[in-house]
Amino acid sequence: MARRRQVYEGKAKVLFEGPEPGTLVQYFKDDATAFNNQKKGVIVGKGVINNRISEYIMMRLNEIGIPTHFVRRLNMREQLVREVEIIPLEVVVRNVAAGSLSTRLGIEEGTALPRSILEFYYKNDKLGDPMVSEEHITAFGWASTQEIDDVMALALRINDFLIGLFLGIGIRLIDFKLEFGRYWENNDEMRIILADEITPDSCRLWDSATNEKMDKDRFRRDLGGVAEAYQEVARRLGILPEAGPRDFKGPTVMQ
Ligand code: UDP
């Protein structure tokens, strides 16, 4: 069988050329990295679970009118996505202080923020993804003012929706990272759509009852039970990989 052409290899995913022009196949690996690649490991089964979790969340976002790159899941580790020109920004949305915000500003982890806060980081591994302002983004031409406005509006809508989705299954959405891309519709009309993934690799998710971490911080901080935590998120969303399409039950609402 002809080997598919690899377009890009990231830390947790690989992108291959898709079956039709304008599409890519996104493959989810079990590899995990943290602290700008200084810590590396494998979380067995992570790729399978993240493929499912990202599929589920992107489908739900599509339903409420958020444009995403997700087309359909192909198999256990792969999904078909629209090819976009990635805007070189990591857009972080925060609801509760944690991670780098707590370290930088000395705010205790778990402190509720007065309102949701958006941050931009320039995607550049060599520089360690430095935080940047809108001024940097427009001055260096990474995105236009209009594109930043679109990205911010989408990020806040996604946050509102995800807070509710996770709350319903007993999970607090502390913070998360998004990436967006430019997608050309009918060859001339460009719009900004959500790309990449939304998974426990890119979100901080705490159990509502116990504040137990159910995300990549378990790997970053050597807390153990990483795969189990990801599985529990999938189980509560009603999408454990064992369940076939016909067993799809949707989220289990917690009281
Ligand atoms: N995040 C991510 N990729 C990155 C950096 C951050 O997915 O390269 C996510 C991270 O999982 C968390 C949020 O963005 O949910 C905010 O991360 P933070 O700035 O606190 O950085 P960290 O503490 O992860 O270094």
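Each ligand, and each atom within it, is numbered from 1 in the order the structure gives. These numbers come from the heavy atoms of this one structure, side chains and all, not from hydrogens, waters or symmetry mates.
Considering Arg72, Gln79, Arg73, Arg60 as possible partners of Glu55, the one that fulfils the side-chain hydrogen bond (donor to acceptor under 3.5 Å, both in side chains) test is Arg73. The side-chain hydrogen bond (donor to acceptor under 3.5 Å, both in side chains) with Arg204 is formed by just one residue from the set Asp215, Asp217, Asn95; it is Asp217. Exactly one of Tyr122, Tyr121, Phe180, Phe120 qualifies for a ring pair (Phe, Tyr, Trp, His ring centres under 6.0 Å) with Trp142. That residue is Tyr122.
For atom 10 (C) of ligand 1, the closest heavy atom belonging to the protein is Arg220 NH2, 3.5 Å. Looking only at protein heavy atoms, the nearest one to atom 12 (C) of ligand 1 is Asp175 OD1, 3.1 Å. In terms of protein heavy-atom proximity, atom 3 (N) of ligand 1 is closest to Lys177 CE, 3.5 Å. Residue, atom and distance of the protein heavy atom nearest to atom 5 (C) of ligand 1 are Glu90 OE1, 3.7 Å.
Within the structure, salt bridge (charged side-chain N to carboxylate O under 4.0 Å, His left out) pairs that include any residue of residues 23-36 comprise Glu9-Lys29, Lys29-Asp31, Asp30-Arg77 (at least two apart or interchain).
Interface atoms of ligand 1 facing Gly99, defined by a heavy-atom separation under 4.0 Å, are 20 (O), 23 (O). Close approach to Asp201 involves these atoms of ligand 1, each under 4.0 Å from a residue heavy atom: 7 (O), 11 (O). Of all atoms in ligand 1, numbered sequentially from 1 with element shown, those under 4.0 Å from a heavy atom of Val92 are 14 (O), 16 (C).
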Side-chain atoms of residues 148-158: list all donor-acceptor pairs with protein atoms under 3.5 Å, sequence neighbours left out, distances to 0.1 Å.
{"from": "Asp150", "atom 1": "OD1", "to": "Gln146", "atom 2": "NE2", "distance (Å)": "2.8"}
{"from": "Arg157", "atom 1": "NH2", "to": "Ile64", "atom 2": "O", "distance (Å)": "3.2"}

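Contacts between Tyr121 and ligand 1, counted as non-hydrogen atom pairs separated by less than 4.0 Å, involve the side chain only. Looking at Arg94 against ligand 1, only its side chain comes within 4.0 Å, counting heavy atoms.
Inter-residue side-chain proximity for Leu113 and Leu101 is flagged as met; some heavy-atom pair is nearer than 4.5 Å.
The option from Lys216, Glu197, Glu109, Arg204 that lies nearest to atom 24 (O) of ligand 1, judged by heavy atoms, is Arg204. Looking at Ser100, Ala34, Pro200 and measuring to atom 18 (P) of ligand 1, the nearest heavy atom belongs to Ser100.
Contact check on Asp207 versus Arg236 returns a salt bridge, with a Lys/Arg side-chain nitrogen under 4.0 Å from an Asp/Glu carboxylate oxygen. The pair Lys13-Glu78 does not count as a salt bridge, with every side-chain nitrogen at least 4.0 angstrom from each carboxylate oxygen.
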